[in-house]
Q: 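One structure, pasted below without further comment.
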Amino acid sequence: MFDKTYDAAAIEPRIRKVWQDADAFRAGAGAERDAEAYSIVIPPPNVTGSLHMGHALNNTLQDVLIRFERMRGKDVLWQPGTDHAGIATQMVVERQLAEAGEPSRREMGREKFLERVWAWKEQSGGAIKGQLDRLGASCDWSRERFTMDAGLSEAVLSVFVRLHKQGLIYRDKRLVNWDPKLLTAISDLEVEMKEVKGELVHFRYPLAGKTFDPEDPSTFVVVATTRPETMLGDTGVAVHPEDERFADVVGTKVVLPLFGREIEIVADPYSDPEKGSGAVKITPAHDFNDFEVGKRHKLEVINIFDEQADVRLAGNEAFLAGIDQDAVADLIKALEGLDRFAARKWVVAKMEEGGYIEKIEPHVHQVPFGDRGGVPIEPFLTDQWYVNAKRLAGPAMDAVRDGRTKFVPENWAKTYFDWMENIQPWCVSRQLWWGHQIPAWYGPDGKIFVERSEADVRRTADVHYGTSVTFAEREEALAAWEREDDGSIVLYRDEDVLDTWFSSALWPFSTLGWPERTPELRKYYPTSVLSTGFDIIFFWVARMMMMGMHFLNQEPFHTVYIHALVRDEKGAKMSKSKGNVVDPLELMDEFGADALRFTLAAMAAQGRDVKIAKARVQGYRNFATKLWNATRFADLNECRIDPNFDPSAVRATLSRWIMTEATRTGRQVTDAIEAYRFNDAAAAIYRFTWNTFCDWYLELVKPVLMGDDGAAKAEARVTTAFVIDEILKLLHPFMPFLTEELWAGTAERAGITRESLLVHARWPKAGFEDDDAAGEINFIVDLIASVRSVRAESNVPASVEAEIVVVGASADEEAWLVQHDAAIRRLARASAISVSDVAPANAAQAVVGNVVVCLPLEGIVDLAAERARLAKEVARLEKDIEKIDSRLSNPKFLEKAEAEKVEEQREKRAETEARLDKLKAAIGRLEPAA
RNA sequence: GGGCGGUUAGCUCAGCUGGUUAGAGCGACUGGUUUACACCCAGUAGGUCGGGGGUUCGAAUCCCUCACCGCCCA
């Protein structure tokens with residue numbers, strides 16, 4: 001027996017266990033023999049992360065695809081796993097250490113610290129898996145991977161070494177985006193530009209050889225800056241080559257106030273004559289643009305900061321060169337160790353004192369922030385490892401250009417190309433400990449060995465040095481080099497790790513066992529679809545494309561489905577700081593996983609953001625209950641599945657109609673999922689289940705089920721059970737728990753054993769269809785709907801059972817009325833239904849197709865309301881006819897429109913006119929208004 | 001500054017390649033306890049499809065333009 005309501009909280013865990021015990025999600029489970037492969041790799045969530053709405057959406061859609069294809073008999077793999085999220089995870093553990101008052105990362109050392117991170121990973125790493133499980137994600141958990149697994153780490157080593165040998169990975173000294181809080185380089189993509197209210201400070205730089213006079217502009221050049229403190233590292237002033245105002249001074253020098261360095265005025269097009277004074281200070285060590293200008297003019301590079309972006313001038317050779325050291329002793333004393341912002345204040349104050357500031361304007365500008373550390377990044381000159389992304393991008397772009405990989409929606413391809421065409425070298429080294437340590441070893445002569453292991457390094461290094469090398473930690477090795485111990489050569493390994501996205505880029509093949517040639521790799525690569533958010537196209541999709549093309553010479557997926565961004569009810573991006581985060585776990589608690597999934601799928605229209613509203617989730621929870629109750633009702637009426645049911649043998653029109661509708665719905669759902677139109681698929685199954693099956697079919701079939709025609713009853717029962725089965729299948733990808741439960745429940749009640757769980761049941765194939773059945777049922781449905789509407793609008797009390805007189809019925813229609821007499825009486829609240837040639841007087845009337853339905857309720861029906869209602873419809877129809885006539889009387893329309901469109905209009909006019917005539921006659925039959 | 005997207009019922013959204021009476025859910029209003037379901041049933045109201053211009057026999061749909069909103073990139 002079915003309980004009175006569907007209890008998601010109780011049933012979901014049970015179903016989850018059923019799937020688990022059946023090993024239902026294992027790669028290839030439930031597939032047909034020699035089935036085509038269908039695979040998706042999950043976008044790996046952070047190992048210590050927890051499920052947010054974006055995950056919920058993305059994984060619901062993937063699960064819909066996966067369950068759909070699995071039911072279609074394909075050999076399906078949904079490959080799950082997590083990534084190690086280098087910076088984020090390391091930060092979490094460091095914060096924990098700080099909060100617990102334990103030794104810091106550096107105090108405890110690399111090995112100890114990594115033990116702690118692994119411990120944290122073990123402890124919290126399962127959370128997201130459990131949450132995906134909760135959502136019903138049918139991943140093959142037996143194949144779960146982690147980016148720092150042995151196998152995947154092997155892939156990383158292999159890729160790094162091979163790219164290095166191919167010259168596509170190299171070490172370079174360039175300005176990088178440096179995070180002074182996390183003390184690591186980050187890639188361009190990890191930098192977030194934020195609008196900041198700051199100041200534009202206009203400095204006066206005195207011209208060399210002139211006596212500075214704040215009142216005399218000919219004695220100085222004005223430069224504007226948002227970063228006054230960097231003047232300590234200025235090595236030039238740039239003006240535009242065609243800017244005549246500065247033609248005289250190009251090639252001469254200015255003297256930096258406060259410490260007296262002389263720097264040259266150079267002509268460079270970087271300087272924008274429209275902006276500020278037209279002259280711009282150049283600090284090559286602390287600005288990307290300035291660095292380029294400096295290179296062009298061979299300007300010095302003076303770094304004034306340490307890695308924490310605190311001022312370091314004492315002992316700073318580059319800074320001290322060329323200036324009077326005694327004169328700056330006080331300056332150094334005052335500034336040494338100040339952070340960027342304190343130094344800025346100090347410099348501005350001192351410059352002000354000397355009259356070197358022309359003005360200070362409030363200024364809103366874009367400042368680069370590290371997306372993890374949350375502090376402004378500092379361009380910093382360091383040695384880092386780079387991937388030559390430009391070379392790898394070529395084949396990756398070709399794959400999309402040639403259509404071997406398609407973006408859905410396709411306009412995202414443009415975003416992909418825009419970025420790929422302007423791609424910059426990818427900085428892959430990170431000054432972190434948590435991640436894949438870079439397989440590079442340094443020797444005392446500056447030689448760098450890039451190999452997969454110490455053993456491999458030893459082989460080449462021994463030859464290189466002509467002696468047997470040893471390995472040590474960096475400090476030790478450096479000390480050994482210092483000592484210049486004779487004969488023994490000590491190497492140390494690069495301490496840095498790789499960007500997490502480096503390992504993620506290998507995900508579509510590293511998870512399948514690459515670099516081994518595994519059967520899984522052969523079968524499931526290239527994967528079918530990659531589903532992700534647009535914000536990750538650069539970070540991940542593009543890089544997977546590059547690596548996949550380079551190492552397997554085959555694009556990693558045929559389709560990239562870009563889903564929408566999930567926003568809150570008001571359309572704001574969810575963020576913890578705004579406090580508008582909607583927690584999918586809470587929604588699942590309240591409404592069930594199925595309801596959440598259905599909501600997300602129903603709202604996932606392409607090219608739009610998803611705004612999640614609780615009322616929607618609640619509505620779809622109600623939908624789940626609706627189906628539950630419909631099934632329960634069928635059960636109460638002994639509708640039992642018959643495994644030998646033959647749809648083509650069904651005789652009753654009602655049965656033929658509902659099965660036709662089921663077939664059509666199946667086709668709609670199938671087409672929609674194939675086209676990634678999840679909202680359309682969800683809407684189709686929703687509409688069929690609720691509006692067609694529950695509201696009409698079940699109501700119409702009730703008299704049959706409760707009647708005493710045994711044969712008809714038997715057929716209605718088995719048909720009803722069959723259609724419910726079809727609904728369960730079509731709905732399963734969206735609401736897997738509820739449907740699996742009902743699949744089992746209905747089988748049990750029928751005393752049959754299912755061939756398989758629903759998760760492995762075969763997707764409905766195009767089946768029974770009968771166009772003629774629709775005509776009959778639609779007539780009955782229209783008739784009932786009209787009677788209901790007339791009754792309500794004419795203020796017929798609900799308790800009154802009205803007689804129905806149908807005027808102008810054809811022989812067929814008359815037969816239909818008899819056939820469905822019980823249903824009509826029930827649903828239209830009629831006492832009797834008769835057919836007549838003459839309409840009764842003063843009846844409420846409605847036009848249904850070719851017939852007029854009359855409710856002779858003299859004394860009960862409100863004639864005035866009745867007249868008004870009919871008049872309103874007359875007016876509407878007259879307007880329609882007017883519109884059609886204006887088309888049909890337009891010679892251009894007749895001439896240019898397709899013949900069938902014209903014919904369509906003619907038919908419509910005839911229909912409308914016939915209806916109008918009947919309505920007018922109906923009004924005529926009412927007593928004239930008093 | 002460059003690019004992308006949005007603006008349709010009170011709210012949240014559909015409406016694909018131009019011809020529909022412009023739809024759904026929620027909300028509102030009216031009525032309902034008829035033997036699955038009040039997480040329900042029946043019915044009703046509510047839209048100059050952001051403004052303007054154009055293409056077309058015909059535009060919510062295609063083009064231009066303006067306004068506002070959002071995102072990405074400089």
Side-chain angles (χ1 to χ4, degrees), chain A residues 2 4-6 8 188-189 192-193 289 366 409 411-412 414-415 418-419 422 534-535 537-538 564-565 567 569-573 591-592 595 599 602-637 639 671-672 675 677 679-680 682-683 686-687 690-691 694-695 698-699 702 705-706 784-785 787-799 801 825-829 869 873 876-877 879-880 883-884 886-898 900-902 904-905 908 912:
Chain A
F2 292 98
K4 207 160 170 188
T5 52
Y6 172 64
D188 298 346
L189 292 175
E192 217 180 321
M193 299 303 286
N289 290 312
Q366 299 283 323
N411 49 334
W412 288 112
K414 197 173 154 45
T415 304
D418 282 352
W419 189 67
N422 300 302
F534 67 85
D535 48 338
I537 292 176
F538 305 145
L565 193 71
R567 298 168 175 282
E569 249 172 300
K570 297 193 194 74
K573 198 169 169 176
F591 302 113
T599 308
M603 302 191 74
Q606 284 179 15
R608 239 205 209 262
D609 292 340
V610 175
K611 289 180 207 161
I612 189 92
K614 212 167 163 180
R616 282 300 279 268
V617 188
Q618 185 176 36
Y620 292 122
R621 186 272 319 264
N622 295 353
F623 173 63
T625 310
K626 185 73 183 176
L627 175 59
W628 178 266
N629 274 298
T631 310
R632 186 165 152 268
F633 168 78
D635 178 64
L636 291 170
N637 284 281
C639 301
D671 291 350
R677 301 181 62 85
N679 57 318
D680 286 346
Y686 180 96
R687 211 180 313 119
W690 200 317
N691 304 118
C694 292
D695 287 349
L698 287 183
E699 294 305 328
K702 271 177 186 174
L705 292 174
M706 292 165 192
I784 293 168
V787 172
R788 283 171 171 173
S789 180
V790 166
R791 286 178 57 108
E793 287 197 56
S794 304
N795 303 318
V796 177
S799 56
E801 288 204 334
R825 276 193 287 131
R826 208 184 119 80
L827 300 180
R829 300 191 67 70
R869 191 177 60 77
E873 205 188 340
R876 211 195 72 217
L877 293 182
K879 215 173 114 195
D880 282 355
K883 232 158 111 186
I884 295 171
S886 78
R887 264 176 222 155
L888 287 174
S889 63
N890 181 342
K892 285 188 170 170
F893 174 68
L894 300 178
E895 185 189 323
K896 295 197 175 177
E898 294 163 52
E900 53 186 79
K901 296 288 180 190
V902 176
E904 213 174 271
Q905 292 297 318
K908 208 160 132 191
T912 312

Q: Can you pull every protein N or O that's under 3.5 Å from an N or O on nucleotides 45-49 of chain B?
A:
from, atom 1, to, atom 2, distance (Å)
B:A45, OP1, A:Lys872, NZ, 3.1

Q: Does A:Leu705 reach the side chain of A:Cys639, with side-chain heavy atoms less than 4.5 Å apart?
A: yes

Q: Under the salt bridge (Lys or Arg N to Asp or Glu O under 4.0 Å) rule, collect the residues that match up with A:Arg887, sequence neighbours excluded.
A: none

Q: Tell me: CZ of A:Arg632 to C1' of B:A36, nearest whole Å?
A: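 In whole Å, B:A36 C1' and A:Arg632 CZ are 6 Å from each other.
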
Q: Please enumerate all residues that pass side-chain contact (heavy atoms from CB on, under 4.5 Å) together with A:Leu888, with sequence neighbours excluded.
A: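 Counting only residues at least two positions away or on another chain, A:Leu888 forms a side-chain contact (heavy atoms from CB on, under 4.5 Å) with A:Ile884, A:Phe893, A:Leu894, A:Val902, A:Gln905, A:Arg906, A:Arg909.
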
Q: Using the P atom as the point on both nucleotides, what is the distance between B:A22 and B:G47, in whole Å?
A: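 Their P atoms lie roughly 12 Å apart.
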
Q: Only counting residues at least two apart or in another chain, list the ones meeting ring pair (Phe, Tyr, Trp, His ring centres under 6.0 Å) with A:Phe538.
A: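 So A:Phe538 forms a ring pair (Phe, Tyr, Trp, His ring centres under 6.0 Å) with A:Trp419.
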
Q: Would you mind telling me which of B:C40, B:C39, B:G32 lies closest to the side-chain atoms of A:Thr625?
A: B:C39

Q: Does A:Thr415 form a side chain to side chain contact (heavy atoms under 4.5 Å, CB included) with A:Phe534? I'd like the steps, not just the answer.
A: CA-CA 9 Å; A:Thr415 304; A:Phe534 67 85; over 6 Å; no

Q: Please identify each residue that fulfils side-chain contact (heavy atoms from CB on, under 4.5 Å) with A:Arg788, with sequence neighbours left out.
A: A:Trp696, A:Ile784, A:Leu827

Q: Taking only residues two or more places apart in sequence, or in another chain, which ones meet A:Asp418 in a side-chain contact (heavy atoms from CB on, under 4.5 Å)?
A: A:Lys414

Q: Send over the distance from A:Arg826 CZ to B:U35 C1', rounded to a whole Å.
A: 8 Å

Q: So does A:Lys414 get a side-chain nitrogen or oxygen closer than 4.0 Å to the phosphate oxygens (OP1/OP2) of B:C72?
A: no

Q: Mind checking salt bridge (Lys or Arg N to Asp or Glu O under 4.0 Å) for A:Asp680 and listing every partner two or more places apart, or none if nothing turns up?
A: A:Arg677

Q: Suppose you measure atom C1' in B:C4 against the same atom in B:U44; what distance do you get, rounded to whole Å?
A: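 Each nucleotide's C1' atom is 42 Å from the other's.
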
Q: From the options B:U12, B:A36, B:C71, select the nucleotide whose nearest atom is closest to the side chain of A:Phe633.
A: B:A36

Q: Any chance you could list the contact pattern along nucleotides 18-28 of chain B? Use B for base contacts, S for sugar-phosphate-only contacts and - for none, protein heavy atoms under 4.0 Å, 5' to 3'.
A: -BSB---SS--

Q: Could you check how far CZ of A:Phe538 sits from P of B:C72, rounded to whole Å?
A: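 Rounding to the nearest Å, CZ of A:Phe538 and P of B:C72 are 10 Å apart.
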
Q: Could you tell me how far B:U21 sits from B:A59 if I compare only their P atoms? Round to whole Å.
A: 15 Å

Q: Does A:Lys702 qualify as a cation-pi partner of A:Phe633, given the criterion of NZ or CZ under 6.0 Å from the six-membered ring centre and within 45 degrees of its axis?
A: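 Yes, a cation-pi geometry.
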
Q: Is the A:Tyr620-A:Phe591 ring centre distance short of 6.0 angstrom?
A: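 Distance test on ring centres: not under 6.0 Å, no.
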
Q: If you measure from the P atom in B:C29 to the same atom in B:G70, how many Å do you get, rounded?
A: 34 Å

Q: Can you tell if the side chain of A:Asp880 reaches within under 4.5 Å of the side chain of A:Lys908, non-hydrogen atoms only?
A: no

Q: Whole angstrom is fine here: how far is it from CZ in A:Phe623 over to C1' in B:C39?
A: 13 Å

Q: Of all residues at least two apart in sequence or in a different chain, which pass the side-chain contact (heavy atoms from CB on, under 4.5 Å) check with A:Glu801?
A: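 Here the qualifying residues are A:Ser831.
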
Q: Who are the salt bridge (Lys or Arg N to Asp or Glu O under 4.0 Å) partners of A:Glu793, not counting sequence neighbours?
A: none

Q: Write down the distance between CG (A:Asp695) and P (B:C41), rounded to a whole number of angstrom.
A: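 Distance check: A:Asp695 CG to B:C41 P gives 6 Å.
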
Q: Starting from P on B:G58, measure out to CG on A:Asn890 and report it in whole angstrom.
A: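 It is 7 Å, rounded to the nearest whole Å.
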
Q: List the residues meeting salt bridge (Lys or Arg N to Asp or Glu O under 4.0 Å) with A:Glu192, not counting sequence neighbours, and say none if there are none.
A: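 With sequence neighbours excluded, A:Glu192 shows a salt bridge (Lys or Arg N to Asp or Glu O under 4.0 Å) to no residue whatsoever.
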
Q: Can you give me the dot-bracket string for RNA chain B, 5' to 3', counting Watson-Crick and G-U wobble pairs with both distances under 3.5 Å, using [ ] for crossing pairs and | for partners on another strand?
A: (((((((..((((.....[...)))).(((((.......))))).....(((((..]....)))))))))))).

Q: Rounding to an integer number of angstrom, what distance separates B:G15 and B:G1 when you compare their P atoms?
A: 32 Å

Q: Go through B:C41, B:C37, B:U34 for me and flag the one nearest to the A:Glu699 side chain.
A: B:C37

Q: Which comes earlier along RNA chain B counting from the 5' end, the contact point of A:Ala634 or that of A:Ala798, where each point is its nearest nucleotide?
A: A:Ala798

Q: A:Met706 or A:Trp419: which one's nearest nucleotide on RNA chain B is closer to the 5' end?
A: A:Met706

Q: Rounding to the closest angstrom, what is the interatomic distance between B:G31 and B:C68 at atom C1'?
A: 43 Å

Q: Ignoring backbone atoms, establish whether A:Arg788 has a side-chain N or O less than 4.0 Å from OP1 or OP2 of B:U34.
A: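 Checking A:Arg788 against B:U34: no side-chain N or O falls below 4.0 Å of OP1 or OP2.
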
Q: Whole-Å distance between B:C37 P and A:Arg621 CZ?
A: 16 Å

Q: Does B:U44 have OP1 or OP2 under 4.0 Å away from a side-chain N or O of A:Ser789?
A: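 Answer yes for this pair, as a side-chain N or O of A:Ser789 is under 4.0 Å from OP1 or OP2.
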
Q: Which listed nucleotide (B:A36, B:C72, B:C39) is nearest to the side chain of A:Ala630?
A: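 Given the options B:A36, B:C72, B:C39, the side chain of A:Ala630 is closest to B:A36.
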
Q: For the C1' atoms, the ones on B:G10 and on B:A28, what distance do you get once it is rounded to whole angstrom?
A: 8 Å

Q: Whole angstroms only, please: what is the CZ-C1' distance between A:Arg687 and B:G15?
A: 11 Å

Q: How far, in whole Å, is B:U48 from B:A9 if one measures between their C1' atoms?
A: 14 Å

